[in-house]
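What follows is one structure encoded as structure tokens, with my remarks underneath.
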Number of protein chains: 2
Amino acid sequence: MTKYTIRKTDINKALKQADIICKRNGLRLTKLRQDVLSLILKEGGYVKAYDLLDELKKIDPSAKPPTIYRTLDFLLEHGFIHKLQSLNAFIGCSHPQDHKECYFLICNNCQKIEECCSKKINNVIKNTTSKNNFVPDQAVLEIAGTCQQCLN
Amino acid sequence: MTKYTIRKTDINKALKQADIICKRNGLRLTKLRQDVLSLILKEGGYVKAYDLLDELKKIDPSAKPPTIYRTLDFLLEHGFIHKLQSLNAFIGCSHPQDHKECYFLICNNCQKIEECCSKKINNVIKNTTSKNNFVPDQAVLEIAGTCQQCLN
DNA sequence: TTAGTTATGTTATAATATAACATTTATTTA
DNA sequence: TAAATAAATGTTATATTATAACATAACTAA
Ligand SMILES: [Zn+2]
Ligand SMILES: [Zn+2]
Ligand SMILES: [Zn+2]
Ligand SMILES: [Zn+2]
């Protein structure tokens with residue numbers, strides 16, 4: 001299992017990486033998109049769309065719901081952030097590559113989120129669903145429980 | 001993998017089973033709760049809360065959002081239905097036992113949902129998260145893709 | 001009974017998300 | 001470059017999903 005945690009020092013790195021990926025793929029990482037991605041990454045944990053909107057308004061007072069949702073759509077589509085379906089919330093991705101194999105550990109106690117990747121889990125899902133003649137495209141796996149720190 | 005599909009002939013059986021489980025556990029399966037469960041089961045696939053409310057209003061015109069959400073909460077809590085987090089929708093459970101190990105196959109083409117259980121997937125999740133010192137409580141696993149019928 | 005609990009009724013509002021159309025900015029092509 | 005095209009953003013309005021808060025009713029237990 002690979003384990004990812006975004007540290008404050010990683011934010012600039014993540015932003016630069018996003019910039020590189022966008023340039024490589026002919027995507028426009030506009031100021032708005034950079035600002036929103038930056039706000040999400042700075043948050044550290046997960047963030048709700050309207051809280052994010054409030055933050056964005058401090059930079060751009062004219063921002064409105066479509067501003068944030070359109071930007072979130074772009075960032076989601078290109079893998080710079082993820083949506084946590086069980087929380088209706090968004091979280092930055094610290095390894096924005098083409099990966100559809102990540103899942104999330106959500107601590108019920110401290111609300112910390114851990115994004116993880118596991119080929120093993122992915123393989124089991126593929127094998128199990130294929131026995132059911134189902135061709136998976138995208139899996140949502142969100143595991144709520146208690147994290148290491150909260151166990152002590 | 002165990003595969004469950006609710007057939008129309010199963011609805012009465014499911015309702016009776018719910019009744020038995022409630023009696024066994026000192027729960028009150030009131031008329032409202034029966035009506036809502038019945039509407040969900042009749043739907044066959046997944047159902048949105050407000051569509052369900054519209055259906056319920058045909059039986060009880062005074063029904064309002066809290067009516068449906070409170071009833072859904074009861075049915076969810078006791079495992080008679082499940083929530084599909086990635087669709088903000090609800091679906092009946094055809095095997096309402098104490099099971100936290102089910103997951104869902106969602107066909108992007110025909111919208112059919114298949115509820116499945118797999119000890120194997122569950123074990124891999126447990127083993128993988130425990131290596132990360134995380135104690136899982138509840139896992140949301142929703143796999144979107146293409147079902148058997150839509151592949152042909 | 002009568003108190004306590006659980007369920008439902010009711011009003012209002014919070015929280016999440018999108019439709020539709022206008023304007024601006026960037027990119028392409030003539 | 002200039003015009004045409006496409007992509008992004010601005011703006012208003014509204015749709016969708018869900019809960020808070022408090023009143024009343026129905027069950028349960030003593
Ligand atoms: Zn990621
Ligand atoms: Zn924790
Ligand atoms: Zn089930
Ligand atoms: Zn299908």
Side-chain angles (χ1 to χ4, degrees), chain A residues 18-19 22-40 43 46-78 80-91 111 140 142, chain B residues 18-19 22-40 43 46-78 80-91 111 140 142:
Chain A
D19 195 51
C22 283
K23 273 176 182 142
R24 189 186 297 147
N25 295 95
L27 304 171
R28 287 163 60 193
L29 192 61
T30 60
K31 181 179 181 302
L32 175 63
R33 290 165 175 174
Q34 276 180 57
D35 286 346
V36 172
L37 179 55
S38 180
L39 286 173
I40 295 170
E43 185 56 42
Y46 68 84
V47 60
K48 310 284 282 181
Y50 275 74
D51 291 342
L52 198 53
L53 179 55
D54 289 340
E55 289 304 307
L56 183 60
K57 278 178 174 166
K58 293 176 185 169
I59 299 170
D60 173 3
S62 77
K64 290 173 187 62
T67 317
I68 209 75
Y69 279 103
R70 278 195 293 229
T71 308
L72 288 171
D73 282 347
F74 172 87
L75 296 173
L76 283 169
E77 189 180 349
H78 301 293
F80 300 120
I81 63 170
H82 298 287
K83 180 166 187 182
L84 298 164
Q85 298 289 351
S86 57
L87 296 173
N88 288 324
F90 304 86
I91 189 161
Q111 274 65 54
V140 169
E142 298 173 8
Chain B
D19 195 50
C22 283
K23 273 177 182 145
R24 189 186 297 147
N25 295 96
L27 304 170
R28 287 163 59 193
L29 192 60
T30 60
K31 180 179 182 301
L32 174 63
R33 288 166 176 173
Q34 276 181 54
D35 286 346
V36 172
L37 179 54
S38 180
L39 286 172
I40 295 170
E43 185 56 42
Y46 68 85
V47 59
K48 309 285 281 182
Y50 275 74
D51 292 341
L52 197 54
L53 178 55
D54 289 340
E55 289 304 306
L56 182 60
K57 277 178 174 165
K58 293 176 185 168
I59 298 170
D60 173 3
S62 77
K64 290 172 187 63
T67 316
I68 209 75
Y69 279 103
R70 278 194 294 226
T71 307
L72 288 171
D73 282 347
F74 172 87
L75 297 172
L76 284 169
E77 188 179 350
H78 301 293
F80 300 120
I81 64 170
H82 297 287
K83 179 167 188 182
L84 297 165
Q85 298 290 351
S86 58
L87 297 172
N88 288 325
F90 303 87
I91 190 162
Q111 275 64 54
V140 169
E142 298 173 8

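Each chain gets a letter, A, B and so on, in the order its sequence line appears, and its residues count up from 1. Just so it is clear, the structure is predicted and the values come from calculations on it, not from any experiment.
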Check: B:Ser86 main-chain N/O paired with A:Lys83 side-chain donor or acceptor under 3.5 Å: no

Could you state the CG-C1' distance from A:Leu27 to D:dA6, rounded to the nearest angstrom? 15 Å

Where do A:Leu72 and A:Phe90 land on the side-chain contact (heavy atoms from CB on, under 4.5 Å) test, with the steps shown first? CA-CA 8 Å; A:Leu72 288 171; A:Phe90 304 86; 3.7 Å; yes

Which distance, rounded to the nearest 0.5 Å, do you find between the CG of A:Asp60 and the CG of A:Leu32? 7.0 Å

Working for side-chain contact (heavy atoms from CB on, under 4.5 Å), residues A:His78 and A:Leu27: CA-CA 9 Å; A:His78 301 293; A:Leu27 304 171; 3.5 Å; yes

Gap between atoms CD1 and C1', on B:Ile68 and D:dA18 respectively (whole Å): 13 Å

Strand contacts (DNA chain C) in residues 59-66 of chain A, 4.0 angstrom heavy-atom criterion: A:Pro65, A:Pro66

Does B:Lys31 reach a base, just sugar-phosphate, or nothing at all? Heavy atoms under 4.0 Å. nothing

Donor-acceptor under 3.5 Å (A:Glu43 side chain, A:Ile91 main chain): no

Heavy atoms of chain B, cut-off under 4.0 Å: which first and last nucleotide of DNA chain C, 5' to 3', fall inside that, if you could look? C:dT6 to C:dT11

Let me know the distance between CG of B:Leu72 and P of D:dT16, rounded to the nearest Å. 18 Å

For the pair made of OH in A:Tyr69 and C1' in D:dA13, what is the distance, rounded to whole Å? 16 Å

Using heavy atoms and a sub-4.0 Å distance, could you list which residues of residues 48-58 of chain A are near DNA chain C? By number, please. A:Lys48, A:Tyr50

Over the length of the helix from C:dT1-D:dA30 to C:dA30-D:dT1, how much do the five-pair end axes diverge, rounded to 10 degrees? 30°

Rounded to whole Å, the CG-C1' distance (B:Leu84 to D:dT16) equals 17 Å

Would you compute the distance between atom CG of A:Asp35 and atom CD1 of A:Ile40 and round it to the nearest 0.5 angstrom? 11.0 Å

Could you write nucleotides 24-30 of chain D as a row of B, S and -, 5' to 3', where a protein heavy atom under 4.0 Å of any base atom gives B, of only sugar-phosphate atoms gives S, and otherwise -? ---S---

Tell me the side chain to side chain donor-acceptor pair (under 3.5 Å) pairs involving residues 67-77 of chain A, sequence neighbours left out? none

Please tell me if the side chains of B:Leu53 and B:Lys57 come closer than 4.5 Å, counting only heavy atoms from C-beta onward. yes

Find the distance B:Tyr46:OH to D:dT16:P and express it as a whole number of Å. 14 Å

Which distance, rounded to the nearest 0.5 Å, do you find between the OG of A:Ser38 and the CD1 of A:Ile59? 7.0 Å

Enter the distance from A:Leu52:CG to A:Tyr46:OH here, rounded to the nearest 0.5 Å. 14.0 Å

To the nearest 0.5 angstrom, please state how far the CG atom of A:Leu37 sits from the OG1 atom of A:Thr30. 10.5 Å

What nucleic acid atoms does B:Arg70 come within less than 4.0 Å of, heavy atoms only: base, sugar-phosphate, or nothing? base

Please give, in whole Å, the distance from D:dT9 P to A:Asp73 CG? 12 Å

Return no unless some side-chain N or O of B:Asn88 is found under 4.0 Å from OP1 or OP2 of D:dT16. no

Heavy-atom pair with the smallest gap, counting every atom of A:Ala63 and A:Leu56: CB-CD2, 3.7 Å

Scanning both residues in full, the closest heavy-atom pair of A:Arg28 with A:Arg33 reads O-NH1, 2.7 Å

To the nearest 0.5 Å, what is the distance between NZ on B:Lys48 and CG on B:Leu87? 6.5 Å

